[in-house]
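Structure first, commentary second.
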Amino acid sequence: MVFSTPEFLLVFLPTVWLIFLILSIFSSQRFLLGWLGAASLFFYAAWDITLLPLLLASIGVNYWLAGYVSSQRKYWLWLGVAFNLGLLGWFKYSVFIISVADLPPQSFSPLILPLGISFFTFQQIAFLVDVRKGIIQRGPLSLYGVFVSFFPQLIAGPIVHYRDLAPQLSRLTPPTTAAIRCGLLLLALGLAKKLIIADNLAPYVDQLYSLPAETMVAGDTVVAGWAYGLQLYFDFSGYADMAIGLALLFGIKLPENFASPYKARDIQAFWRRWHITLSGFLRDYLYIPLGGSQHGLPRHLLALLATMLLGGLWHGAGWQFVLWGGLHGSLLTLMVVWQRITTFRLPTGIGWLLTFMAVMLAWVPFRADSLEYTWAFYSALSIWHWGALGELLNGLHQGAMGLRAPGLLVIGATLIVLIMPNSMTLTTWLAQSQRHYYQGALVGGILLVVTKAMLDLPSQAFLYFNF
């Protein structure tokens, strides 16, 4: 089930939520937790029931290892990290490793990538490390199981820490009216981002990334990076909004994952605003252990570059993802060096424009099918012709103003990310208002538009399900 499908919105969610509300009034914490766990496992099994044993095995092994990790013997932690990375590597990187080793393709059968494995693997590694450091203690297996499998964030985050989520799961209560209002608003906003913007951009992005390599010009590359950057943002931030909103319906608060990243004025600010929970994980469990900024400039730059290269590889098994991570790592290292050698800072507007352009162009390898196709896009920057950029602008000039007109979608989506406040800010502001009918009218209006879009368009999985 995808959050943006009728099966989820009209059957699964109402059933699970209403039973949760009844149990929260008449039953005990144990039954509440058990119901959330059962619903989460059913949600995961609905994708592919054959993958459910993998999730259960991962939960069981990590819980068992946590009982030994807190001992004085460090090898238990290394064993736990190796188990999780080995599981992730086997399912996600086997084909990539085989191709790098130049073995014949017929010697290996491709594996199905289990949904959410990148996310629940990172959560469990963080759990083991925190147990080892004494930050947390291993609780009951039922609590740990729901922490890993909680359905709003199981598939694509936000990445949460046990120390933040477990205390909430151990004290489940009926959600407050404010939580329900905010949850419904975030759910509606996330659905609008996904169904009205991201899914309508998808055919245009697919068209751009199917252009013949020999015909590409600079305008094609510019629009390809720009349009995909918008599609990915509205798709993934829409998922994050829905995840946070769904959790609020059960009285659970998940961390914010996006804070208007395309408004960032430099690349460091971008990474403080984009996929915030992943950035935090990479910082705390990779960048800082590699030395961070505390051991001199060379090690600082090396830690930055290594963190971003591994962050790129985490997103996908392909050299184009390594290139994407390397581009961002290079931009971050350049900024650190710039800050060290001069006090001059670019004007705000110029800094934003350069950051926006660099980030959008860097999305090209993230979407391209191969490193060779990525190179074709970047090589086209040396051939200045308007290409897709000219077609997009001409469409606007000629009045192609339908909902799915590429020019309107790209320009309109850009204006939204630059002018509108992010979802969490908007939700907080409305939640503080005493005129609740405004919020109800807004949610109702959005849901009417979203329902029409859901019926008009075929269901599309979220982009981050591929990572």
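Numbering of residues begins at 1 and proceeds along the displayed sequence. What you see is a predicted model, and the numbers here were worked out from it, not measured in a lab. Computed over heavy atoms, backbone and side chain alike; hydrogens, waters and symmetry mates excluded.
- Of the possible polar contacts, one joining the Ser382 side chain to the Ser379 backbone as a donor-acceptor pair under 3.5 Å is found.
- For the atom pair Leu13 CG and Thr5 OG1, the distance stands at 10.5 Å (nearest 0.5 Å).
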Worked verdict on Leu290 versus Leu302 for side chain to side chain contact (heavy atoms under 4.5 Å, CB included)
CA-CA 8 Å; Leu290 287 174; Leu302 183 62; over 6 Å; no

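- Tyr287 places none of its side-chain heavy atoms less than 4.5 Å from the side chain of Leu282.
- Paired with Phe119 under the rule ring-ring contact (aromatic ring centres under 6.0 Å, His included), one option of Tyr44, Trp314, Phe281 passes, and it is Trp314.
- Of the options Leu327, Leu371, Val322, a side-chain contact (heavy atoms from CB on, under 4.5 Å) to Pro365 is made by Leu327 and by none of the others.
- Here Leu304 contributes atom CG and Met308 contributes atom CE; the two are 8.5 Å apart, rounded to the nearest 0.5 Å.
- For Leu415, the CG atom counts as densely surrounded, since its 6.0 Å shell holds more than 12 non-hydrogen atoms of other residues, nucleotides or ligands.
- Side-chain polar atoms of Trp226 and Thr414 form a donor-acceptor pair below 3.5 angstrom.
- Among the candidates Phe321, Phe356, Tyr233, Trp274, the single residue satisfying the ring-ring contact (aromatic ring centres under 6.0 Å, His included) test with Trp363 is Trp274.
- Atoms CD and CG, on Gln320 and Asp369 in that order, are 8.0 Å from each other to the nearest 0.5 Å.
- The closest donor-acceptor contact from the side chain of Ser149 to the backbone of Leu41 lies at 3.5 Å or more, if one exists at all.
- Using a 4.5 Å cut-off on side-chain heavy atoms (C-beta onward), Val2 and Glu7 make no contact.
- The number of heavy atoms from other shown groups lying within 6.0 Å of CZ (Arg273) is above 12.
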Between Leu249 and Ile180, is the side chain to side chain contact (heavy atoms under 4.5 Å, CB included) condition met? List the steps.
CA-CA 5 Å; Leu249 295 180; Ile180 294 173; 4.2 Å; yes

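- What you find for Ser423 and Leu186 is that their closest heavy atoms are CB-CD2, 3.9 Å.
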Apply side chain to side chain contact (heavy atoms under 4.5 Å, CB included) to residues Leu87 and Ser58 and explain how you reach the verdict.
CA-CA 9 Å; Leu87 196 66; Ser58 177; 4.2 Å; yes

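- Two residues are said to be in side-chain contact when any heavy atoms from C-beta on lie closer than 4.5 Å; Arg367 and Asp206 meet this criterion.
- Aromatic ring pairs are classed by plane angle as parallel below 30°, tilted from 30° to 60° and perpendicular above 60°; the pair Phe366 and Tyr228 is tilted.
- When atom types are taken as modelled, the side chain of His315 and the backbone of Gly311 share a donor-acceptor pair closer than 3.5 angstrom.
- Residues Val160 and Phe150 form no side-chain contact, since every pair of their non-hydrogen atoms from C-beta on lies 4.5 Å or further apart.
- Counting only N and O atoms by type, the side chains of Asn257 and Thr277 include a donor and acceptor under 3.5 Å apart.
- The heavy-atom pair separating Pro158 from Pro255 by the smallest distance is CG-O, 3.5 Å.
- Minimum heavy-atom separation, Val223 to Ala388: CG2-C, 3.9 Å.
- Formation of a donor-acceptor pair under 3.5 Å by the Glu256 side chain with backbone atoms of Ile276 is not found in this model.
- More than 12 heavy atoms of other residues, nucleotides or ligands lie within 6.0 Å of CH2 in Trp352, so this atom counts as buried by the packing criterion.
- No more than 12 heavy atoms of other residues, nucleotides or ligands lie within 6.0 Å of CZ in Phe42, so this atom counts as exposed by the packing criterion.
- From Lys92, atom NZ reaches atom CG of Leu85 across 11.5 Å, with rounding to the nearest 0.5 Å.
- Counting heavy atoms from C-beta outward, Leu154 and Phe120 have side chains that approach closer than 4.5 Å.
- Heavy atoms only, all atoms of each residue included: Pro152 and Tyr239 are closest at O-OH, 3.2 Å.
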Go through the steps for Phe234 and Ile416 under the test side chain to side chain contact (heavy atoms under 4.5 Å, CB included), then give the verdict.
CA-CA 10 Å; Phe234 281 99; Ile416 289 172; 3.9 Å; yes

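- Only one option out of Phe122, Phe236, Phe270 pairs with His275 in a ring-ring contact (aromatic ring centres under 6.0 Å, His included); it is Phe236.
- In this structure, the side chains of Leu392 and Tyr204 come closer than 4.5 Å at one or more pairs of heavy atoms.
- Using a cut-off of 4.0 Å between Lys/Arg side-chain N and Asp/Glu carboxylate O, Lys194 and Asp235 are scored as salt-bridged.
- Side-chain contact between Leu332 and Gln268: present, with at least one pair of heavy atoms (C-beta onward) separated by less than 4.5 Å.
- Under the 4.5 Å side-chain criterion, counting only non-hydrogen atoms from C-beta, Leu211 is in contact with Tyr373.
- In this structure, Val364 and Tyr209 approach most closely via the heavy-atom pair CA-OH, 3.7 Å.
- Here CG of Leu187 is found 5.0 Å from CG of Leu246. Values are rounded to the nearest 0.5 Å.
- For the pair Tyr262 (side chain) and Gly229 (backbone), a donor-acceptor distance under 3.5 Å is present.
- The aromatic rings of Phe250 and Phe20 stand perpendicular to each other, their planes meeting at an angle above 60°, with 30° marking the opposite boundary.
- Atoms NZ and OG, on Lys193 and Ser4 in that order, are 14.0 Å from each other to the nearest 0.5 Å.
- Nearest approach of Gly326 to Leu305, heavy atoms of both residues: O-CD1, 4.2 Å.
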